[in-house]
**Q** 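First the structure, then my questions, so here it is.
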2 protein chains.
Amino acid sequence: MSLEKIEVLLREKGYKLTEQRRLILAILQSNSVPHTAQEVYDLVKLAYSNINFSTIYRNLELMSELGIVDKMNLKSGVSHFEINDREEHHHHVICKGCGETKAIDFCPYKMINNEELDKLGFSATEHKFEIYGFCNKCNAK
Amino acid sequence: MSLEKIEVLLREKGYKLTEQRRLILAILQSNSVPHTAQEVYDLVKLAYSNINFSTIYRNLELMSELGIVDKMNLKSGVSHFEINDREEHHHHVICKGCGETKAIDFCPYKMINNEELDKLGFSATEHKFEIYGFCNKCNAK
DNA sequence: AATATAAATGCAAATGATTTGCAAAAAGGA
DNA sequence: TCCTTTTTGCAAATCATTTGCATTTATATT
Ligand SMILES: [Mn+2]
Ligand SMILES: [Mn+2]
Ligand SMILES: [Zn+2]
Ligand SMILES: [Zn+2]
């Protein structure tokens, strides 16, 4: 999603595009991998030393409600946030050594047959698929 | 896994099968769905009112390291623990209304072709797959 | 440009889940 | 029974995240 599109989306709902929001988005857009709130905070702080943690959290939360970012609970229990660029969602491979993540294109949800869910009387809204392991760097050690 | 097997497994590693551990296991075995530490605590407390939270946490953690229970981070960020009965692992459907979970047999990992992971230079150790939505009860409301 | 109003921020304190240090208690073997 | 090691309960600490509130900022209106 382009910054312009995001701005429109915010405006529509009565939200404003502040400097802080711009910076948070810039971070997320520059490297499209999942970041923790802490990581976003540290990086934003370089350009805007007065930034506060609650601003980071409030905005990541807001943007994830608006669908601008994806919020995900990886193994650790700490939330990770990633910009929602592509029109197709994707899943990840996560290194337990260094934390590096890579996108994978395979989506298991497309494989599942809806009868199985119907049988359970369940209407699905979302799903999560992640593979954990070690990247080649961490494997070598 | 039977209680006897579990006891052997603990003993082998120099651990003891205490009353508290027995009770925690009994809870997890009686209803084989994911429970939070809080839920386990509340239920154990009925039979052993002096039980402490740290005992619950320490043991759930230990048992998950030993593979006796599965520890999972569902959407909420609160850890859930489930006994590791079956010899085949399984995945879950989780109701966002009432929190009820149901097992599903479909495992996406079996579908993925290893070339894709090899290309990423990644050696996989585990994976997570969950479907979120609403059960028929919660849907009706 | 000055003013008005709602939204956003920084700060400090609260929260909730989980972890830790430590002294006392319990388990199991000698 | 005695000894050694593990386990427990308790209280306090930690870590991520959230909240209340006074102040500041963004933007629309005059
Ligand atoms: Mn991604
Ligand atoms: Mn299950
Ligand atoms: Zn998918
Ligand atoms: Zn699987």
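Keep in mind that the numbers below use all heavy atoms, side chains included, and drop hydrogens, waters and symmetry copies. Every chain is numbered from 1 and lettered A, B, ... according to where its sequence line falls, protein lines coming before strand lines.
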**Q** Looking only at N and O atoms, is any donor in the side chain of B:Arg11 or the base of C:dG28 less than 3.5 Å from an acceptor on the other one?
**A** no
**Q** Less than 3.5 Å apart, any donor N or O on the side chain of B:Glu82 or B:His92 sitting next to an acceptor on the other?
**A** yes
**Q** For the side chain of A:Thr18, counting heavy atoms from C-beta on, which of D:dA11, C:dA8, C:dG10 is nearest?
**A** C:dA8
**Q** C:dA12, D:dA26, C:dC22: which one has an atom nearest the side-chain heavy atoms of B:Arg58?
**A** C:dC22
**Q** In terms of side-chain heavy atoms of B:Gln20, which of D:dT8, C:dC11, C:dT9 is nearest?
**A** D:dT8
**Q** Both A:Tyr15 and B:Asn73 contact DNA chain C. Taking the nearest nucleotide for each, which residue is further toward the 5' end?
**A** A:Tyr15
**Q** Does A:Lys110, at its NZ atom, have more than 12 non-hydrogen atoms belonging to other residues, nucleotides or ligands within less than 6.0 Å?
**A** yes
**Q** Tell me whether the side-chain N/O atoms of A:Ser79 come closer than 4.0 Å to OP1 or OP2 in D:dT17.
**A** yes
**Q** Taking only the side-chain heavy atoms of A:Tyr57 (C-beta and beyond), determine which of D:dC10, D:dT27, D:dT18 contains the nearest atom.
**A** D:dT18
**Q** Could you tell me whether the side chain of B:Lys16 has a donor or acceptor atom within less than 3.5 Å of a complementary atom in the base of D:dT5?
**A** yes
**Q** Picking from D:dG9, D:dA26, C:dG10, which would you name as closest to the side chain of A:Tyr48?
**A** C:dG10
**Q** If you check every side-chain atom of A:Arg21, which of C:dA8, C:dG10, D:dA16 has the closest atom?
**A** C:dA8
**Q** Which nucleotide wins on minimum distance to the side chain of B:Ala37, given the candidates C:dT9, D:dA16, C:dT18?
**A** C:dT18
**Q** Measuring from the side chain of A:Asn52 (C-beta onward, heavy atoms only), which nucleotide among C:dT9, C:dA17, C:dC11 has the closest atom?
**A** C:dC11
